[in-house]
Amino acid sequence: MKFLNIEALLSIILISSDNSYGFTTPSTSSQHQFSNSISSSSSLYSAVEEDVEKKVIKTRSIGDRDKMSFLKYQRDTIAKKPDYLRGAGAFKKVKKDVAADMKSQFDSTMMNTMKETPNFKLEKDGVEFFLAKDHGFCWGVERSINLAYSAVETFPDSQLHITNELIHNPMVNDRLHSKNVNFIVKDEDNNKDFSAIQEGDVVMLPAFGATLDEMKILDAKNVKVVDTTCPWVAKVWNTVHTHQVRGLTSVIHGKYAHEETMATKSMCETYVCVKNLDEAEYLADFISTAKPEDTERTEAFMKKFSKACSPHFDPHKHLVKIGLANQTTMYKKETRAIGQLLQKTIMGRFGPDLINDHYYEFDTICDATQVRQDAVDELCNLHYSKEENKLDFILVVGGFDSSNTAHLLEIPQMRGVRSYHINEADCVHADNTIKHRTMEGDIIENDALLLPKTDGRKLRVGVTSGASTPDKEVQDALGRIMMLSKLYYQNSEEKEDSTEEERTSSSDATTPIASCN
């Protein structure tokens with residue numbers, strides 16, 4: 001047998017082998033997406049016998065350090081306890097009822113009709129809708145909701161808590177509130193108050209995961225934990241564990257205060273977060289040109305990243321060897337650009353021969369994020385197609401605090417296509433205005449939505465939704481647009497017809513002036 005380089009083998013095993021989350025089998029299309037993302041590592045992984053794999057993990061993970069000094073093993077020790085539930089196996093009795101409940105709450109006849117057409121197009125009530133081919137719930141979100149709803153049904157006599165919003169969607173979180181689930185209170189600095197949790201309670205962890213400190217607090221309280229963390233997030237944690245094993249600093253492309261990134265930071269020994277390419281360029285410039293004796297520049301760097309780096313962070317020491325990870329919902333093209341920038345920067349400082357000693361990268365953007373972004377790109381292509389009339393606008397539906405939804409808006413905005421991000425159907429108002437979130441994060445209350453038409457063509461709307469958005473919520477928003485189109489354009493046409501009739505009538509009633517011959 002031909003074996004891989006031990007460093008490459010370690011990476012494959014650490015990223016691919018952690019199937020301890022016991023997630024339920026996704027739908028065929030979702031399962032295909034997930035399998036594609038790890039196909040390359042899985043094919044290599046299958047070539048390595050199980051006993052060799054275990055030896056490699058043991059050799060590389062322990063080294064000269066105590067095994068429990070690695071944060072991954074502290075997490076795994078808690079997660080292996082009997083009262084830590086993280087798969088569907090514990091909820092088999094309620095599986096059928098929960099599935100039916102989710103279908104009735106989230107399914108949409110209109111959306112299903114669009115999906116059954118070859119081009120995902122539907123014409124209804126004078127509006128042409130063009131649905132992004134990949135949109136809405138990802139299987140990780142469906143799995144998370146399924147586990148949370150199953151926990152509610154399985155433990156009806158227990159006090160249930162959740163450490164954060166389950167997902168960034170008001171419909172789902174409101175449903176949990178209605179089922180008497182207690183949402184842990186947090187202050188403006190994201191500090192949480194766990195005092196309401198008592199021994200024997202049931203505590204759910206959201207799809208974004210929980211920090212290691214939170215897991216330790218819950219472990220000490222002797223509660224039953226239902227972990228709904230998306231496996232793609234756990235994949236990122238395995239990546240930053242690889243960084244720790246290799247002695248690398250984790251550079252995380254993500255928003256430092258986002259729940260997922262906070263959980264990921266807690267799994268890192270040393271980290272710094274960059275939220276966009278501008279911040280990555282600032283960091284890269286520091287790596288390339290900053291000197292230890294330049295205290296003023298060092299202080300400026302630390303001030304800029306004071307909330308986005310580990311407490312012991314020293315940029316001169318900890319940016320010598322780095323690894324890239326990311327919040328799974330970030331804009332994938334930006335993550336790739338950051339990776340190329342950092343790789344080029346490290347090569348420029350240390351030379352191409354030493355790149356593997358100073359830089360490590362593994363793609364941790366989840367497939368659901370990627371395909372949804374690609375599908376919106378296709379809608380923009382349709383807008384600019386010579387064969388088709390332009391879209392009037394693209395509607396993006398999803399929570400205002402949803403990172404993956406916000407990035408869906410960025411794509412049409414950057415390509416010059418009129419587009420709006422709403423979080424619920426009520427954002428479309430009867431007076432032809434729309435409440436929406438901008439790319440910069442501002443909430444605009446009353447922008448005009450439907451613009452006057454002079455060519456008589458139908459309204460054309462592109463449609464997509466974030467990974468936490470049910471189809472039913474999108475259908476409700478489209479229903480409002482159809483009603484608004486009927487009222488706005490029909491009234492405009494009737495008004496025009498009425499004005500024309502008045503002009504004609506007035507013309508007929510006018511008596512010509514006789515000539516004075």
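We use all heavy atoms of the structure for the numbers below, so side chains are in, but hydrogens, waters and symmetry mates are not.
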**Request:** Without swapping roles, check the side chain of R372 against the backbone of A132 for a donor-acceptor pair under 3.5 Å.
**Result:** no

**Carboxylate-amine/guanidinium proximity below 4.0 Å for D76 and K72** = yes

**Message:** Among residues at least two apart in sequence or on other chains, which ones pass side-chain contact (heavy atoms from CB on, under 4.5 Å) with H177?
**Reply:** D174, F183

**Request:** Please work out whether the ring planes of Y73 and H241 are parallel, tilted or perpendicular, with thresholds of 30° and 60°.
**Result:** perpendicular

**Request:** May I have the step-by-step check of salt bridge (Lys or Arg N to Asp or Glu O under 4.0 Å) for D426 and K435, ending in yes or no?
**Result:** CA-CA 8 Å; D426 288 347; K435 174 183 175 182; over 6 Å; no

**Asked** For Y282, which residues count as a side-chain contact (heavy atoms from CB on, under 4.5 Å) partner, sequence neighbours excluded?
**Response** A300, F301, K304, F305

**Message:** For H253, give me all partners under ring pair (Phe, Tyr, Trp, His ring centres under 6.0 Å), at least two apart in sequence or on another chain.
**Reply:** none

**Request:** Kindly write out the residues that satisfy side-chain contact (heavy atoms from CB on, under 4.5 Å) with D392, not counting sequence neighbours, or none if the list is empty.
**Result:** K453, R457, L459, R460

**Prompt:** Under 3.5 Å, is there a donor-acceptor pair linking the side chains of T264 and Q327?
**Reply:** no

**Request:** Hey, could you give me each pair passing salt bridge (Lys or Arg N to Asp or Glu O under 4.0 Å) that has a residue in residues 316-333? Not counting sequence neighbours.
**Result:** K332-D374, K333-D377

**Item:** Backbone N/O of S419 and side chain of Q413: donor-acceptor pair under 3.5 Å
**Value:** yes

**Request:** Starting at CG of N276, measure out to CD of E281 and round the result to the nearest 0.5 Å.
**Result:** 9.0 Å

**E473 and N169 side chains, donor-acceptor separation under 3.5 Å** = yes

**Member of L85, D227, T228 meeting the side chain to side chain contact (heavy atoms under 4.5 Å, CB included) criterion with L147** = T228

**Asked** Out of curiosity, I355 CD1 to R349 CZ, how far, rounded to the nearest 0.5 Å?
**Response** 12.0 Å

**Request:** Could you tell me which residues satisfy side-chain contact (heavy atoms from CB on, under 4.5 Å) with R297, sequence neighbours excluded, listed by chain and number?
**Result:** D285, F286, T289, A290, D294

